[in-house]
Amino acid sequence: MPESPSVPFARIALTAASIFIVAHLLLLIGVTAPEKFYFDEVHYVPAARQMLEPVMPQPMLNPMHPPLAKQLIALSIRTFGDNPFGWRYPAALFGALALVAVYLGGLALFARQSSAIAATLLAAFNQMLFVQSRIATLDIFALAFSLFAIAAFACGFRQARPHLYFALAGIASGLAAACKWSGLFVLATCIAIVAVIRLMQGWRTQFADAKPEDWYRPGLWPDFRPHHFAACFVLLPAIVYLASFVPLYGFSLADILEAQRRIFADNTTTAIAGHTYMSSWPSWPFLVRPVWYLFDKLGDGSIAAVVLLGNPLILWPALAALAVALRDWIVVRRADAFLVLAFYFGPYLAWALLPRTLGFIYYYLPAATTASFALVYALTRGHAPRWSLWAFVAIGALGFAAMLPISAAFIGTSMATFNRLMLFQNWI
């Protein structure tokens with residue numbers, strides 16, 4: 001993991017802008033289908049509409065999540081109208097921004113333009129990000145901000161003075177949490193990384209055969225003091241997070257604190273099991289149980305279907321790539337392998353700690369997206385031929401194309417095609 005990117009800034013900016021424009025336009029194709037609420041839009045769009053009222057009606061709809069993502073949907077409704085485009089435009093916008101963040105994170109990790117672009121394409125072909133970018137729910141907003149936090153943290157990780165990058169990571173994490181509390185998982189991962197390194201430094205740990213690419217060095221961040229840590233990873237995220245409640249409650253501390261109590265109660269209470277599409281966190285990497293967002297029979301005998309599943313041609317091989325990264329972190333102590341593992345397992349395994357019996361595979365979205373970094377890492381390490389990475393990207397693209405009939409409602413498909421794509425009984 002080099003000290004700084006070798007790619008010129010102008011090239012980075014041009015590539016990021018190109019990714020955003022292309023992804024934004026592609027994600028908007030057919031975004032208004034279906035022309036009705038589907039899946040959890042029934043919860044979030046009415047909550048966003050309520051925010052447009054001159055005086056917030058009571059009871060407040062959807063109080064179990066922070067307001068920022070719903071405020072963004074509300075702003076879009078005000079701008080584009082109360083229609084399917086107005087509901088879903090922000091999701092497409094933030095889906096494109098999420099891919100820009102993957103690109104920046106890939107540059108920070110690998111310092112190679114080709115690797116960063118490959119990671120971006122794998123994330124785009126992952127099906128999960130595509131589906132979540134075309135529905136008015138909260139997850140894509142939290143994901144985009146979380147990915148920017150990861151990119152900033154990875155960029156600062158090997159800097160002698162990481163203060164600015166860590167502050168940006170804290171701000172982005174606060175914005176992610178202001179969309180959905182699962183955005184806190186990336187912040188917790190950043191805090192855990194810094195805490196582990198500071199603990200090892202306190203123990204005066206040294207590697208006998210220290211190398212520049214080691215994930216840990218005794219002299220890492222010599223000027224990053226405890227008050228810097230508190231400012232970057234506690235104060236800034238808290239300010240940004242709490243600011244999102246001000247449009248709803250003004251500066252009433254009592255009302256803002258009561259809102260936190262309600263969110264905490266709703267997100268930590270053990271849910272009643274039995275939902276049709278529920279699945280447990282150990283099953284998510286294996287794509288055992290998808291979620292059917294939409295299944296409508298159309299007048300011509302075809303069907304419109306949206307199934308959140310993930311691209312098996314990307315996510316199953318990613319498990320082997322994670323094993324490669326784990327081996328390299330343990331055996332050769334590579335910093336890029338360490339960060340890849342941290343930002344995959346941090347947002348994923350956090351779900352194992354929550355006292356909830358109700359889980360869905362869309363909770364796996366952040367880890368499934370950062371799995372792209374693991375694949376790029378495994379396919380570019382050592383003397384791997386350069387073509388192998390792009391061959392794998394092409395395979396992922398084929399899998400994505402094959403799944404389009406069950407990923408986008410505007411395409412439509414036949415029942416026979418749908419049944420062919422549902423490979424396992426658990427997927428039905």
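All residue numbers refer to positions in the sequence shown, counting from 1. Below, all heavy atoms of this structure are taken into account, side chains as well, without hydrogens, waters or symmetry copies.
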Counting only heavy atoms not in Arg11, do more than 12 fall under 6.0 Å of its CZ?
-> no

Taking side chain as C-beta onward, heavy atoms only, is Arg261 less than 4.5 Å from Leu257?
-> no

Output field: ring centroids Phe37/His43 closer than 6.0 Å | no

Once you round to the nearest 0.5 Å, how far does CG of Leu339 lie from CD1 of Ile193?
-> 5.5 Å

Which of parallel (below 30°), tilted (30 to 60°) and perpendicular (above 60°) describes Phe224 and Phe166?
-> perpendicular

Can you establish whether the number of heavy atoms outside Gln260 located under 6.0 Å from its atom CD is more than 12?
-> yes

When the ring planes of Phe153 and Phe343 are compared, do they come out parallel, tilted or perpendicular, using 30° and 60° as the limits?
-> perpendicular

Evaluate the side-chain proximity of Leu68 to Phe145: yes if any heavy-atom separation is below 4.5 Å, no if none is.
-> yes

Is the shortest heavy-atom distance from the side chain of Asp214 to the side chain of Val332 under 4.5 Å?
-> no

Do you know which two heavy atoms are closest between Ala408 and Arg134, and how far apart they sit?
-> CB-NH2, 4.1 Å

Start with the C-alpha gap between His24 and Tyr89, add the side-chain angles, then the distance that decides, and say whether ring-ring contact (aromatic ring centres under 6.0 Å, His included) holds.
-> CA-CA 10 Å; His24 190 201; Tyr89 174 76; 5.3 Å; yes

Parallel, tilted or perpendicular: which fits the ring planes of Tyr344 and Tyr364, with parallel below 30° and perpendicular above 60°?
-> perpendicular

Can you check whether Phe130 and Phe125 have ring centres sitting under 6.0 Å from each other?
-> no

Rounding to 0.5 Å, atoms CD1 (Ile191) and CG (Leu187) come to a distance of 4.0 Å

Taking the inter-plane angle between the rings of Tyr348 and Trp281 on a 0 to 90° scale, is it parallel (under 30°), tilted (30 to 60°) or perpendicular (over 60°)?
-> perpendicular

Could you tell me which non-hydrogen atom of Ala123 sits nearest to which non-hydrogen atom of Ser372, and how far apart they are?
-> N-OG, 3.3 Å

Does any donor atom in the side chain of Tyr362 or Trp284 lie under 3.5 Å from an acceptor atom in the other side chain?
-> no

Between the side chains of Asp40 and Tyr293, does any donor sit under 3.5 Å from an acceptor?
-> no

4.5 Å side-chain heavy-atom contact, Trp390 and Val393 | yes

Mind checking whether Arg88 and Ser76 have side chains closer than 4.5 Å, heavy atoms only?
-> no

Taking C-beta and beyond as the side chain, do Trp221 and Val194 meet within less than 4.5 Å on heavy atoms?
-> yes

So among Ser280, Ser182, Pro282, which one has a side-chain contact (heavy atoms from CB on, under 4.5 Å) with Trp351?
-> Ser182

Intermediate values then yes/no, side-chain contact (heavy atoms from CB on, under 4.5 Å), Thr369 and Met128 = CA-CA 8 Å; Thr369 306; Met128 280 191 180; 6.0 Å; no

Close side-chain approach of Leu294 to Phe39, heavy-atom, < 4.5 Å = no

Any donor-acceptor N or O pair under 3.5 Å, side chains Gln132, Thr137 | yes

So, do Leu404 and Gln127 sit near enough that their side-chain heavy atoms are less than 4.5 Å apart?
-> no

In Å, rounded to the nearest 0.5 Å, how long is the span from OG1 of Thr205 to CD1 of Ile197?
-> 11.0 Å

More than 12 heavy atoms of other residues, nucleotides or ligands under 6.0 Å from CZ of Arg327: is that the case?
-> yes

Cation-pi between Arg333 and Tyr216: NZ/CZ under 6.0 Å from ring centre and within 45° of the ring axis?
-> no

